[in-house]
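What's counted below: heavy atoms across the whole structure, side chains too, no hydrogens, waters or symmetry copies.
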Amino acid sequence: MEEELGIPIVSIVCEGFRSKVWTTGFDAAYHGIARKLIKKAEQRKDNVINVINFWGSDRFTDWFKPFGCVPNYITPFASVNKLAHSSEAALTVQACSTLGSYLGAALEQEFGVPELPTAPPYGIAQTDRWFRAIGKALGKEDIAEQVIAEKKEKYLKKIEELREKFKGKRAFVTAGAAHGHALMAVLGELGFDVVGGSIFHHDSVYDSERKENDQLDLRLSDYGDVQNYRVCSRQEYEIVNALNKLHPDIFISRHYGMSLWGAKLGIPSIQIDDEHFCMGYEGLVEYGKRLINVMENNEFVQNLHKHAINPYTKWWFDQDPDYFKKEN
């Protein structure tokens, strides 16, 4: 069919029942792209940085500009031609260690494009590390320090003001790994007590095998432990039970159909599709403002709680969320 149509055809094999880890789909898709679409580099472009992302706002053009670089987004917003020439980039960064680790490793091992040896920039501590890692990789450490200083001067006071507003507030997160861990880091930076989390799977080792890419470990070392943490493949019955017991001030979900459970319990709930929205220093400020807006405008969820029919029984709410996982 390639001869007949004159275009590359990529086979991606990922039957849902073959894997218990939902991110196998990412790996299979990127395996196909690396195998069939990406070409060996004819030349290196020192001013191009690959960005493995889901989709969302363009943070990276502004961040890369001081380094004299531009982003090459993979795979949303990319043409087949851009994918083919992604082997020519100076560096690869990613929006999520789980999403991007396979392709990042493939670009490094098979095409010689270094993968940035640190996790994405969520929270001040990790954003500092991220910019410094880029500066080191490009041989422009002085520019990285300049960017960090300028950003902190502009946003640090605003972040501190948000922390005061969120002091004593409690949050619950449900999302995939590692973006769920990133959200926990952001909430920790903003002063929330993350009282629980249901993360859809767990990778103990990333494809790069670099400890610096482990966003769960970074969350724990930077902001402390997360109680009531569960690896939970979108099992709503567990999440609803935990939410009902903990009743946080805000429920943050990453996927469609999840935030309604918090709303039905009268908990202000938010879903933001844009993974880039809370990245970096400016992302903390914008995300904080959005959270304030959701938490203060809670009349809808209060009314929904009064009138919504909940399918779960009192018996279930009296049980531990892990009831069905225990032996016997």
Side-chain angles (χ1 to χ4, degrees), residues 1-15 18-19 21-61 63-65 67-121 130 133-134 136-139 176-179 203 205-210 212-213 215 275-276 279:
M1 289 302 295
E2 284 187 327
E3 291 182 11
E4 181 178 326
L5 298 175
I7 59 173
I9 296 175
V10 183
S11 171
I12 295 168
V13 182
C14 188
E15 295 92 336
R18 293 187 68 184
S19 171
V21 180
W22 70 301
T23 50
T24 301
F26 292 140
D27 295 352
Y30 285 134
H31 179 76
I33 288 171
R35 184 174 59 86
K36 288 295 296 283
L37 296 184
I38 299 177
K39 300 177 181 177
K40 294 289 184 182
E42 296 178 3
Q43 60 179 352
R44 292 292 175 190
K45 296 178 181 176
D46 295 336
N47 67 330
V48 175
I49 299 176
N50 293 325
V51 180
I52 305 173
N53 69 313
F54 293 94
W55 57 305
S57 52
D58 178 18
R59 294 267 191 222
F60 294 89
T61 296
W63 290 343
F64 292 163
K65 191 173 182 180
F67 297 97
C69 296
V70 296
N72 176 42
Y73 284 106
I74 308 172
T75 53
F77 316 120
S79 64
V80 172
N81 186 56
K82 280 194 171 185
L83 286 172
H85 292 281
S86 59
S87 58
E88 300 173 357
L91 189 64
T92 298
V93 304
Q94 47 196 282
C96 171
S97 298
T98 296
L99 163 78
S101 65
Y102 189 96
L103 185 55
L107 282 164
E108 181 171 85
Q109 294 169 20
E110 301 297 323
F111 299 96
V113 181
E115 178 186 1
L116 192 71
T118 190
W130 189 80
I134 287 179
K136 184 177 180 180
L138 299 176
H179 190 63
D203 278 334
V205 179
Y206 292 103
D207 294 284
S208 67
E209 298 187 351
R210 292 188 177 103
E212 310 95 292
N213 287 81
Q215 286 176 253
E275 298 82 9
H276 307 167
M279 276 183 167

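In this structure, CG on Asn53 lies 8.5 Å from CE on Met279, to the nearest 0.5 angstrom. In this structure, Ile134 CD1 and Leu91 CG are separated by 6.5 Å, a value rounded to the nearest 0.5 Å. Atom OH in Tyr30 sits 10.5 Å away from atom CD1 in Ile12 (nearest 0.5 Å). Atom CD in Glu4 sits 10.5 Å away from atom CD1 in Ile7 (nearest 0.5 Å). Once rounded to the nearest 0.5 Å, the distance linking CD1 of Ile38 with OG of Ser87 reads 7.0 Å. With values rounded to the nearest 0.5 angstrom, Ser101 atom OG is found 8.0 Å from Asn213 atom CG.
With contacts defined as side-chain heavy-atom distances shorter than 4.5 Å, the pair Pro8/Lys36 does not qualify. Two residues are said to be in side-chain contact when any heavy atoms from C-beta on lie closer than 4.5 Å; His179 and Pro120 fail this criterion.
Annotation for Thr98 and Ala178: closest pair OG1-N, 3.0 Å, computed over non-hydrogen atoms. Asp27 approaches Tyr102 most closely through the heavy-atom pair OD1-CB, 3.4 Å. Minimum heavy-atom separation, Ile52 to Gly100: CD1-O, 3.5 Å. Contact between Thr75 and Leu83 at its shortest, heavy atoms only, is CG2-CD2, 3.9 Å. Summarising the geometry of Val113 relative to Ala89, their closest heavy-atom pair is CG1-O, 3.6 Å, with the distance given to 0.1 Å. Closest heavy-atom contact between Cys14 and Gly25: SG-CA, 3.5 Å.
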Query raised in the report: Should Leu37 and Val80 be marked as a side chain to side chain contact (heavy atoms under 4.5 Å, CB included) after you check the CA-CA gap, both sets of side-chain angles, and the distance that decides it?
Result: CA-CA 7 Å; Leu37 296 184; Val80 172; 4.3 Å; yes
Report task. Could you walk me through whether Leu116 and Ile49 pass the side chain to side chain contact (heavy atoms under 4.5 Å, CB included) test, one step at a time? Result -> CA-CA 10 Å; Leu116 192 71; Ile49 299 176; over 6 Å; no
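Residue-environment remark: NZ (Lys82) stays at or below the threshold of 12 foreign heavy atoms within 6.0 Å. Residue-environment remark: CD (Glu42) stays at or below the threshold of 12 foreign heavy atoms within 6.0 Å.
Qualifying side chain to side chain contact (heavy atoms under 4.5 Å, CB included) partners for Ala84, counting only residues two or more places apart in sequence or in other chains: Lys39.
Between His276 and Tyr73, the angle of the ring planes stays under 30°, which puts this pair in the parallel group of the 30/60° scheme. Aromatic ring orientation, Phe60 versus Phe64: tilted (interplanar angle from 30° to 60°).
The closest donor-acceptor contact from the side chain of Thr118 to the backbone of Trp130 lies at 3.5 Å or more, if one exists at all.
Residue pairs meeting the salt bridge (Lys or Arg N to Asp or Glu O under 4.0 Å) criterion with at least one member in residues 90-116, sequence neighbours excluded, are Glu108-Arg210, Glu115-Arg210.
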